[in-house]
Amino acid sequence: MSTRTINDVLMAGARAAKDKKGRPPLKHTAIENAKKEVASKEQEPSVETEEFNLDDKISELLKKAIDFKPERAAFWKSGERVPFILLARALDLIANESGRIAITEILCNVFRTVIATTPDDLIHVVYLAANKIAPAHEGVELGIGDASIIKALALSYGMKDETVKKQFNKLGDLGLVAKSNRSTQRLMVKVTPLTVVKVLEKFRIIAKQSGKRSQDAKQGTIQELLVCATDCEPQYLVRLLQTKMRIGLAEQTVLVALGHAMVYSEVPPVPSSQIQSRLEEASKIVKQVYSVAPIYDKIVSALLSAGVRKLSDTCCFTLGVPVGPMLAKPTKGVSEILDKFQDTEFTCEYKYDGERAQIHYLDNGSVEIYSRNAERNTGKFPDVVDSVSRFKKPSVTSFVLDCEVVAYDRQKQKILPFQVLSGRARKGVTLSEIKVSVCIFSFDILYLNGRQLLQEQLKVRRELLYDSFQEVEGEFQFATAITSDDLEEIQKFLDNAINQSCEGLIIKTLDRDATYEPAKRSNNWLKLKKDYMDSVGDSLDLVPIAAFHGRGKRTGVYGAFLLACYDEHNEEYQSICKIGTGFSEAMLEERSASLRDKVISAPKSYYRYGDTLNPDVWFEPAEVWEVKAADLSISPVHRAASGVIDPNKGISLRFPRLLRVREDKNPDQATCSEQVGEMYLAQKINHSGNQDEDED
DNA sequence: ACTGCCTGCCC
DNA sequence: ATTCTGC
DNA sequence: GCAGAATGGGCAGGCAGT
């Protein structure tokens, strides 16, 4: 690193054009040339070739796909590495668009340009656009968060950490912090322009850096990138590092744009009469393929060599590679379910409170376990791996099971709370040192003995599941299920589920629209939890006593608040949770405005809270908000009802969200500590064996 | 060796 | 996880 | 209804500082 700096040779003209609209922008040579030159804003580089103006090139990306000509947008020679500035500028264009169609077209034009010039770089552009550095199951992580980026920015721009933090609070985005500080740097030394390959390479280096002084090393690598970054590059480098693009572009749109780009890149061109249907077909194919084969390297190389229509042949489900798990949509009650599944046969299953596990059993006898987010969890569950031989029938030679892994007390034959499961070690676990036993509750099968089952109806899949595996008490069980369309029966089943420490129900069609739809929240699966239902579940009246500055689209208002219950005995407010969801934008504005008048310079002496919380502002106790939660938990940081349940620890809320403001209540009428304690004890989950049946 | 902060990942 | 919002 | 972007509690594990 050290002496390299901003590439003014390349970008001065671009800035001139952007900053001062009246004046014609300067012209420039191609990048190869520019990087050999010593910078001088007025100078016309001496050697060779095509001149271009970056703004003109980039503005090509805004053209409708039909009118877009990749060669007009390209400003590097075919075969040369794609400059990162292409992507950064495209992201900047996308940031100014709100419609998904427009965003998709811009990205599609980027992909087409790369395909037409340097197809070898398409994979890198796709990775960066998707804001990934490797397939999820490979477990490659940057290990960089806001704190590290703040330090790196401070180092790069010669500022104090505190100054960066201040700007972060004001601007609500570290990318914008980078942007605003970059422009003050005008160092006149040559620099190598960033390429997409280089950026992705550095990101992967950051991921690999570990061990002693690795934080410094990572920050050094970030600095190397920032030093080479010009124009809007620092902003988007930082956003990529944060894994928060905040421009309305994410994976689904990348997949669509990629599919579209392949259609437009076909030779000979697709006749315009067919374009529309081919675009829809292509995006559908790419999305579908990605959901069963989430490896961009394979997809992109298959696309480039055989085209989008052959993608499904070349690139399909593989044992050992995680499939996107099917998800469910929230519903507010049994009647909504009957409504949605009117004339369709459906089944209800317990929704277990554990973690999703997709278990792959390969023909060679090896096992892989993947999380809901496609992380490889095999090393965390050696006990599950070990039990495969006990729960699979001998005829089974390969499978993929969809399950929930739940902490389980084998003595009492009872499900244990989620918090117990999360206490398990995660890396390099060996059978002998396991402290928390688990039971697998299986509810679906996606693959069996060489046969893919995704396209089969649930009725068929479930038969195969029941036939091919055997329950082993406390180790492997089938999810409890009933098939009924009777409202009361389902209601009762839901109550049973709750009584047996489950979260609620999952409801699924059996015959129609009952294929396995990877990674989609389809209407086929619904979830029903008590706390989704109006006037059911735990709701509390709590007092906002502090807040945190909002980020991104919440810049300028508070993004989250610290809530407290009231302890009448000690006349103090005890923190119980933070809250940041459930607010409409208008409501958040209102509450932020209202509470800004209640800001105090230090927390009240009668506030009890974890000292690691560190809110940005404290408030006078002034308002009462009704908040809903799924559960109450023993908290390591919050202080609510401290001493009531646990001598030292307080209670907190799981999944807190705002319901409404209680204009009718004063802060001292908030839910009190005793009530919080009672609510905690009332949870079925705490009845650890000695209480069989309560009420009705 | 202990502790606290940070990050990623479960929900 | 939950929730809201623009398209 | 999709896709994206705000935000929650809480845990283990890695690293830095003492």
Side-chain angles (χ1 to χ4, degrees), chain A residues 97-104 136 139-151 172 209-218 243-256 287 327 329-330 352-357 371-375 377 380 404-405 417-429 503 520-523 527 529 531-532 548 550-555 557-563 576-588 610-612 614 627-638 651-659:
Chain A
E97 303 285 346
S98 57
R100 223 180 309 158
I101 294 170
I103 290 172
T104 308
V140 182
E141 302 304 331
L142 283 172
I144 286 292
D146 285 351
S148 319
I149 296 173
I150 287 168
K151 280 190 193 166
Q209 291 171 316
S210 66
K212 201 167 155 70
R213 301 274 84 181
S214 60
Q215 279 304 313
D216 291 347
K218 284 173 194 273
T243 346
K244 275 186 187 160
M245 293 303 282
R246 303 208 244 237
I247 56 175
L249 171 71
E251 193 138 65
Q252 293 308 303
T253 307
V254 172
L255 296 171
V256 172
K287 279 185 176 183
L327 304 170
K329 293 210 302 202
Y352 295 88
D353 191 9
E355 63 182 82
R356 194 81 173 262
S371 76
R372 176 200 149 117
N373 297 315
E375 301 285 333
N377 261 346
K380 177 177 176 182
E404 192 81 3
V405 175
F418 176 77
Q419 255 181 307
V420 175
L421 181 68
S422 41
R424 269 185 69 123
R426 294 169 193 181
K427 294 196 168 169
V429 181
E503 289 187 288
K520 259 197 275 180
R521 273 192 167 83
S522 78
N523 252 329
K527 58 177 165 179
K529 304 209 276 186
D531 59 291
Y532 295 164
F548 303 81
R551 310 274 157 86
K553 65 184 181 186
R554 294 205 177 159
T555 304
V557 293
Y558 298 123
F561 302 83
L562 180 62
L563 297 179
I576 185 166
C577 67
K578 293 201 285 172
I579 192 165
T581 192
F583 304 86
S584 66
E585 282 179 7
M587 180 63 84
L588 191 60
D611 51 7
T612 54
N614 249 299
V627 166
K628 191 135 185 179
D631 282 307
L632 292 85
S633 57
I634 300 288
S635 171
V637 300
H638 291 291
I651 283 170
S652 188
L653 305 182
R654 189 181 190 196
F655 311 144
R657 60 266 198 190
L658 180 77
L659 285 188

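Excluded from the calculations below are hydrogen atoms, water molecules and symmetry mates; all remaining heavy atoms, backbone and side chain alike, are included. Per chain, numbering begins at 1; letters A, B, ... match sequence-line order. Remember, predicted model here, so these are calculated numbers, not experimental data.
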**Study point:** Upstream residue (5' side of DNA chain C) when Ala586(A) and Asp531(A) are each assigned their closest nucleotide
**Key:** Asp531(A)
Practice item. Please tell me which of the listed nucleotides, dA16(D), dC10(B), dG9(D), lies nearest to the side chain of Ser214(A)? Key: dA16(D)
Study note, to complete from the structure: CZ of Arg424(A) to NZ of Lys380(A), rounded to nearest 0.5 Å, is 7.5 Å
Check your understanding: Could you give the CE-to-P distance, from Met245(A) to dA3(D), as a whole number of Å?
Key -> 18 Å
Review point. Quick one: is dG8(D) close enough that its OP1 or OP2 comes under 4.0 Å of any side-chain N or O from Lys578(A)?
Key: yes
Practice item. Could you tell me the separation between the NZ atom of Lys218(A) and the P atom of dG14(D), rounded to a whole number of Å? Key: 12 Å
Check your understanding: Is Lys212(A) touching bases, backbone alone, or none of the nucleic acid, heavy atoms closer than 4.0 Å?
Key -> sugar-phosphate
Review point. Start at the 5' end of DNA chain C and walk down; is the nucleotide closest to Ser584(A) or to Glu503(A) reached first?
Key: Glu503(A)
Exercise for review: Measure centre to centre between the rings of Tyr352(A) and Phe418(A), then say whether the value is under 6.0 Å.
Suggested key: no
Study note, to complete from the structure: Closest non-hydrogen atoms of Ser652(A) and Ile576(A), given as atom of the first, atom of the second and distance, are OG-O, 2.7 Å
Exercise for review: Report which part of the nucleic acid Lys380(A) touches: base, sugar-phosphate, or nothing (heavy-atom distance under 4.0 Å, all strands).
Suggested key: nothing
Review point. Below 3.5 Å, does any donor atom in the side chain of Arg426(A) face an acceptor in the base of dC11(D), or the other way round?
Key: yes
Review point. Looking for any heavy atom pair under 4.0 Å, which part of the strands does Leu658(A) touch: base, sugar-phosphate only, or nothing?
Key: nothing
**Study point:** Shortest side-chain distance from Ser635(A), nucleotide among dG1(D), dG10(D), dG9(D)
**Key:** dG10(D)
Check your understanding: Which nucleotide in the set dG10(D), dT7(B), dT2(C) lies at the smallest distance from any side-chain heavy atom of Tyr532(A)?
Key -> dT2(C)
Review point. Nearest to the side chain of Lys553(A), which nucleotide is it out of dC7(C), dC9(B), dA5(D)?
Key: dA5(D)
Check your understanding: How many Å lie between NZ on Lys329(A) and P on dT3(C), as a whole number?
Key -> 15 Å
Exercise for review: Report yes if a donor N or O on one partner sits less than 3.5 Å from an acceptor N or O on the other, where the partners are the side chain of Arg356(A) and the base of dC10(B); otherwise report no.
Suggested key: no
Check your understanding: Across the strands shown, which category fits Leu249(A) at heavy-atom distances under 4.0 angstrom: base, sugar-phosphate, nothing?
Key -> sugar-phosphate
Check your understanding: Of all the choices, dC11(B), dC15(D), dG4(D), which nucleotide is nearest to the side chain of Ala250(A) once you look at every atom?
Key -> dG4(D)
Practice item. Start with the C-alpha gap between Asp531(A) and Arg657(A), add the side-chain angles, then the distance that decides, and say whether salt bridge (charged side-chain N to carboxylate O under 4.0 Å, His left out) holds. Key: CA-CA 11 Å; Asp531(A) 59 291; Arg657(A) 60 266 198 190; 2.6 Å; yes
Practice item. Return the nearest nucleotide to the side chain of Pro636(A); candidates are dC11(D), dG4(D), dT2(C). Key: dC11(D)
Practice item. Nearest-nucleotide wise, let me know which of Arg424(A) and Phe561(A) is further upstream toward the 5' end of DNA chain D. Key: Phe561(A)
Exercise for review: Measure from the side-chain heavy atoms of Ser371(A) and tell me the nearest of dG9(D), dC10(B), dC4(C).
Suggested key: dC10(B)
Check your understanding: When you match Gly580(A) and Val254(A) each to their closest nucleotide on DNA chain D, which lands nearer the 5' end?
Key -> Val254(A)
Exercise for review: Select base, sugar-phosphate, or nothing to describe what Ile634(A) touches, counting heavy atoms under 4.0 Å on all strands.
Suggested key: sugar-phosphate
Review point. Ser98(A) side chain: which of dG10(D), dC7(C), dC11(B) is closest?
Key: dC7(C)
Practice item. Report which part of the nucleic acid Leu588(A) touches: base, sugar-phosphate, or nothing (heavy-atom distance under 4.0 Å, all strands). Key: nothing
Practice item. Check every atom of dA3(D), dG8(D), dC10(B) against the side chain of Phe655(A) and return the nucleotide holding the closest atom. Key: dG8(D)
Exercise for review: Look at all strands and tell whether Asp631(A) reaches a base, only sugar-phosphate, or nothing, counting heavy atoms closer than 4.0 Å.
Suggested key: nothing
Review point. What is the nucleic acid contact for Ile247(A), judged by heavy atoms within less than 4.0 Å: base, sugar-phosphate only, or nothing?
Key: sugar-phosphate
Review point. Is a donor-acceptor contact shorter than 3.5 angstrom present between the side chain of Thr581(A) and the base of dT7(D)?
Key: no
Exercise for review: Can you establish whether the number of heavy atoms outside Lys151(A) located under 6.0 Å from its atom NZ is more than 12?
Suggested key: no
Exercise for review: Would you kindly give the CZ-to-C1' distance between Arg654(A) and dC11(D), to the nearest whole Å?
Suggested key: 12 Å
Review point. Is there a side-chain polar atom (N or O) of Arg657(A) under 4.0 Å from OP1 or OP2 of dT3(C)?
Key: yes
Practice item. State which of dT5(C), dA5(D), dC11(B) makes the closest approach to the side chain of Phe418(A). Key: dC11(B)
